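Just so you know, residue 1 is the first one in the sequence shown, and it goes up from there. Heavy-atom basis, side chains included; hydrogens, waters and symmetry copies ignored. Given the structure is predicted, the values throughout are model-derived calculations rather than measurements.
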Amino acid sequence: MSNKADGETRFRVEDDVRFKFGLTKVIGKITEDRGAIGVGGRRLYGIRFQFTPDDEAIYIELPAVDLEMVNETEHEVTSDS
């Protein structure tokens, strides 16, 4: 039997990902693979990010469907409108 989690993109710890936080897209680093513990078996990832280098890191857990991989040229960009 197949479920939604089977078709989701798998990320790895240390991958940089982009996701929506409120109205802003931010870039964070996956720090933990929580497994398929989300609603309907969705795979959750623990992510840390900062709005600016002087801010404290924020930890959030999100499903893979809400994440997109960041390529290496995008590391200087930290938010989109």
Side-chain angles (χ1 to χ4, degrees):
M1 181 176 216
S2 175
N3 65 24
K4 186 174 182 176
D6 292 336
E8 291 179 352
T9 303
R10 300 288 173 120
F11 298 96
R12 293 181 299 216
V13 172
E14 297 296 318
D15 281 348
D16 291 320
V17 292
R18 179 184 297 112
F19 57 94
K20 198 164 195 173
F21 188 78
L23 298 175
T24 304
K25 284 194 172 184
V26 296
I27 294 175
K29 184 173 292 291
I30 294 179
T31 59
E32 187 176 11
D33 182 345
R34 301 280 289 140
I37 62 171
V39 174
R42 294 190 305 177
R43 181 167 292 277
L44 296 182
Y45 293 94
I47 302 159
R48 289 203 184 277
F49 70 98
Q50 296 171 277
F51 287 108
T52 68
D54 296 331
D55 290 340
E56 284 191 41
I58 298 170
Y59 177 84
I60 189 170
E61 291 181 358
L62 293 171
V65 297
D66 291 348
L67 306 175
E68 62 182 78
M69 189 69 72
V70 173
N71 65 38
E72 298 203 14
T73 61
E74 296 178 276
H75 284 284
E76 293 79 38
V77 178
T78 56
S79 65
D80 296 341
S81 297

Expected output: side-chain E68 to main-chain R18 donor-acceptor under 3.5 Å: no

Considering all heavy atoms, the nearest Y59-T31 contact: CE1-OG1, 3.7 Å

Atom of Y45, atom of A64 and distance for their closest heavy-atom approach: CE1-CB, 3.7 Å

Distance in Å, I27 CD1 paired with K29 NZ, rounded so as to fall on 0.5 Å steps: 10.5 Å

Closest non-hydrogen atom pair, I30 against F11: CD1-CB, 3.2 Å

Note, L67 side chain near D15 side chain (heavy atom, < 4.5 Å): no

Residues that, via side-chain heavy atoms closer than 4.5 angstrom, fall in one hydrophobic cluster with I37: L44

Least distance between heavy atoms, G41 atom then A36 atom: O-CB, 3.3 Å

Nearest-0.5 Å distance, CG of residue D66 to CZ of residue R42: 6.5 Å

Euclidean distance, I58 CD1 relative to R48 CZ, rounded to 0.5 Å: 10.5 Å

Heavy-atom closest pair, residues V13 and D33: CG2-N, 4.0 Å

Smallest separation among heavy atoms of F51 and V26, with atom names: CE2-CG1, 3.7 Å

